[in-house]
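Sequence lines set the chain letters: A, B, ... in the order given, protein chains first and strands last, and positions in each chain run from 1.
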Amino acid sequence: MTERLEQLRLFLLVGLSLLAIRLVDLQVVRGGHYRQLAEQNRLRLVPQQAPRGLIVDRHGTILASNHVVFRVAIVPQELDELATVLTTISSLVHRPVDVLEREFKKERSLAFLPATIVSQVPKDTAIRLEEERWQLPGLLIRPETMRAYPLGSRAAHLLGYLSQPTAEELPLLKPYGVQPKQLVGRMGLERLLDPALQGHGGGLMVEVNHRARQVRVLGERSPQPGGRVVVTIDANLQSLVEQTLSTHRGAAVVLDPFTGAVLAAASSPTFPPEAFTTPGDETVVRLLEDPESPLMNRVGIAYQPGSIVKLLTAVAGLEQGVVTPRTQIVCGGSITIGDRTFHCWNRDGHGALTLPEALMQSCNVYFMTVARRLGVERLRAVMEQTGLAQRTGWPLEEQTGSLPHRRLSEGELALLGIGQGEIAITPLQAAVMASVFANGGSVVQPWLLDTITGQTVDRPGVRRRMPWSSSTIQTVRSGMYAVVNGAEGTGHRAYSDHIVVVGKTGTAQTHKPGFTHGWFVGYCPFEHPQVAFAVVSEFGGSGGELPAEVGRNICEYVAASAKSP
Amino acid sequence: MFRRLRLSQFDLALFAAAAGLVLMSNLAMMSAAATLRWTLALKHGIFTLIGMILGLVVGRLNYQRWSEGVGLGYGASVMILAIVLVAGAVRLGATRWLSVFGFSLQPSELAKLTTAWLLARYLAGQATPLSWSVLGTSLLLVIPPALLVFVQPDLGSATIFFAIWFGMVWVAGLSRRTVGILLGALLAVLPIAWHGLKAYQRDRLLVFLDPHIDPLGAGYTIIQSTIAIGSGQLLGRGWFAGTQNQLSFLPERHSDFIFSVIGEEWGLLGCLMIVVLFGLLLLRIARVALSTSAPQGRLLAVGIFSWIGYQAFINMGMVMGVLPVVGVPLPLISYGGSSMVMLWVALGLVQSIRWTDRL
């Protein structure tokens with residue numbers, strides 16, 4: 001009997017020891033883990049979004065901002081009777097109760113988190129609902145900020161747009177604090193500067209009980225608004241350029257020729273960026289399916305340049321001494337190379353021309369002859385040094401463009417000299433080229449960002465100084481002067497009574513027979529240049545037409561703002 | 001009737017261990033009641049005092065004089081259990097309580113003690129090793145109350161009767177062969193018993209194997225209770241400061257899961273104190289059983305030992321997630337007036353056994 005009792009006692013001690021071991025395991029070995037689980041049980045983070053940073057132009061005009069919208073939400077834990085609340089909302093926002101109820105069921109999460117059932121109501125509806133609120137527990141009208149673009153579709157390609165991240169993107173964005181319904185930048189500056197514009201979201205640390213009801217607020221971190229971004233764009237100039245360009249497809253770039261600051265960069269057709277922010281907007285589908293690709297920023301798309309590269313053929317010819325400013329070449333209307341005959345656009349021939357005259361009339365025979373005298377290496381070297389078919393390094397999307405890198409036949413070489421054949425450049429590159437003549441030989445890098453939250457963004461310097469003699473530059477400049485101001489100039493439509501405009505037209509043949517890209521590059525005023533520009537009109541005919549007109553508009557804007565600073 | 005109690009005859013260690021347990025119980029109860037009803041803590045305190053006084057009184061009685069009436073007590077408890085089934089109050093899906101003059105009594109607590117006592121009286125005179133007929137008769141004494149409790153339904157309490165019975169027949173003298181046969185029989189009966197269980201009881205047993213089968217249903221309790229105990233770490237989160245308790249993540253935190261509250265708020269330190277105090281209490285009871293010369297007293301002490309020991313082990317194992325959840329309260333700690341009073345009476349009997357022996 002005693003022995004049995006002692007066995008029972010031993011049994012007890014073993015049992016209690018096992019319990020003690022389990023306790024040490026739970027509370028010491030894995031205690032930290034369980035502490036964490038307990039904290040997760042009771043703590044909930046309620047995110048508060050930071051207002052997105054503003055984007056303003058060089059004069060402070062707002063390009064992208066936020067406006068307040070009113071959302072109708074229901075707080076589940078305060079709800080008394082769902083049906084009454086929904087009926088009231090339904091009668092004020094004119095939406096059926098069952099739609100609202102479905103939305104509520106979809107959106108509700110934690111008992112104390114408002115579930116949005118109508119994402120946007122007009123202000124007067126919001127006020128009516130607010131008045132009803134006292135008798136409808138659970139109803140909440142929440143003012144929230146939404147991205148707005150006060151200038152509508154102006155500068156849309158530069159600004160870009162926002163949309164919700166996709167399911168695949170979300171895990172990648174989470175480490176950056178992006179919440180599932182938060183909008184992220186998709187294009188242009190909105191994408192480039194997304195981290196700076198986002199700001200830092202804040203939140204409430206809430207203690208909840210077992211029914212996920214809020215017990216108390218433990219802490220709060222207020223959201224930090226995103227940074228204010230100042231860009232180099234002049235909104236008025238941008239609008240003017242876009243307006244003149246709006247009838248055609250094409251692009252225009254205006255630079256400060258000395259610094260490379262982008263004053264305007266227009267792409268046509270354009271789009272309203274707000275369409276992407278409003279959920280369920282049908283414009284988005286239309287924009288995406290539009291054969292004219294309105295979302296494409298044509299500023300960085302490579303086109304055949306045509307005659308505008310004659311400026312560089314001229315430079316190469318003068319610098320290499322294959323022609324002098326006074327050398328005359330006779331244009332008889334055509335030139336035969338091997339067994340091929342190339343016609344000048346003036347089939348009657350231009351007669352004997354000096355270089356400035358040849359630029360003025362854009363004589364093909366003259367520059368084909370110069371190109372043949374130069375050879376492909378020397379011609380291409382000048383083009384490359386001036387930045388053609390190379391990325392300009394501006395902060396947004398751009399194509400590289402292309403130059404031929406194989407052995408060319410005599411005919412192909414001659415065509416390269418007039419910007420035909422295997423050559424394609426972007427409007428940005430063309431504007432950089434125009435700047436080189438405006439500033440006297442510096443290849444600049446276009447830039448857009450002036451300051452972010454008051455901090456100056458590093459500005460690119462001059463990329464390259466061309467070793468061209470001043471007489472070479474002067475000769476080409478006088479040719480550009482003649483293009484616009486001469487009696488027989490191809491760019492006379494760019495002529496202005498208010499300011500001296502100089503430039504060069506281009507009309508590039510394309511793969512579509514009968515369709516040409518029209519170009520106009522230039523700068524103004526002639527004596528003390530303030531802007532350099534490039535305009536392309538896609539399949540838009542001659543460069544002497546719309547592009548030259550856009551050039552004149554740009555320059556007259558410069559003249560007008562010089563008078564009233 | 002009362003003789004002067006000499007201090008040497010009073011089992012101070014037994015009393016101190018029990019008093020320590022109820023002290024911690026009352027502190028934990030206040031914290032658990034904070035988010036339930038504060039009256040729970042008050043009632044618990046009152047029942048603790050009633051129990052203590054009753055226990056001290058019983059300790060000074062000669063239990064042998066009362067053993068004559070045990071058969072009557074046993075019969076009465078079985079009858080009350082039967083009445084409960086017919087007229088009892090349904091709570092939490094079970095009829096375990098009987099309302100008498102505004103108090104709800106849990107007669108199964110009384111039945112545990114009277115059954116143990118009756119068994120002690122019956123087994124005390126038997127020759128060792130126990131014959132099959134004695135074993136059978138003793139089992140027949142246990143089955144009526146156990147069955148009545150089982151159909152309430154209260155699987156946990158029903159098993160306690162068998163634990164008491166086994167502890168007692170083991171000490172009374174059970175041959176190893178018989179134990180082997182009993183174990184075999186148990187294994188054979190298990191599959192049949194499985195079909196006799198209610199669906200929720202089966203769920204609990206299944207969920208015990210893997211609480212994450214049903215994290216919001218039957219597994220919820222185990223998960224939350226394990227989190228509560230684990231998160232207490234070494235020194236606990238502090239009195240009234242356990243989040244699992246105060247934010248109601250712990251179900252049944254005043255009754256079956258009170259140990260989780262202690263684990264969360266008092267940490268390993270508090271838990272080990274409880275374990276050590278139970279150890280001390282049970283060792284004192286075992287010591288009384290060993291030292292007494294009266295067979296009936298010894299067996300009664302063994303019965304009480306098995307009762308408290310088994311129930312404490314099952315409860316603590318359950319809240320720590322190592323044993324299935326079978327609604328068993330933690331003796332002297334969990335809320336429940338009937339249980340608190342009957343346990344003190346049982347401890348009083350142990351004191352009485354110790355004292356009576358030296359008369």
query: Taking only heavy atoms into account, what residues of residues 15-23 of chain A are found under 4.5 Å from chain B?
result: A:G15, A:L16, A:L19, A:A20, A:R22, A:L23

Is any side-chain heavy atom of [Y] closer than 4.5 Å to one of [X]?
X	Y	result
B:F305	A:L12	yes
B:L247	A:V208	no
B:I229	A:Y34	no
A:N41	B:Q224	yes
A:Q27	B:L234	no
B:V171	A:Q7	no
A:R9	B:L290	yes

message: Can you list the residues of residues 307-319 of chain B that sit under 4.5 Å from chain A, counting heavy atoms only?
response: B:F313, B:M316, B:G317

task: Against chain B, work out which of A:L8, A:V28, A:V24 has the most heavy-atom pairs shorter than 4.5 Å and name it.
output: A:L8

- request: Please report the C-alpha distance between B:R237 and A:E39 in whole Å, then the side-chain angles of each, then the deciding distance to 0.1 Å, and finally whether the salt bridge (charged side-chain N to carboxylate O under 4.0 Å, His left out) criterion is met.
  value: CA-CA 12 Å; B:R237 308 200 67 170; A:E39 294 297 272; 3.0 Å; yes

- request: Can you tell which part of A:Q36 gets under 4.5 Å to a heavy atom of chain B, answering side chain, backbone, both or neither?
  value: neither

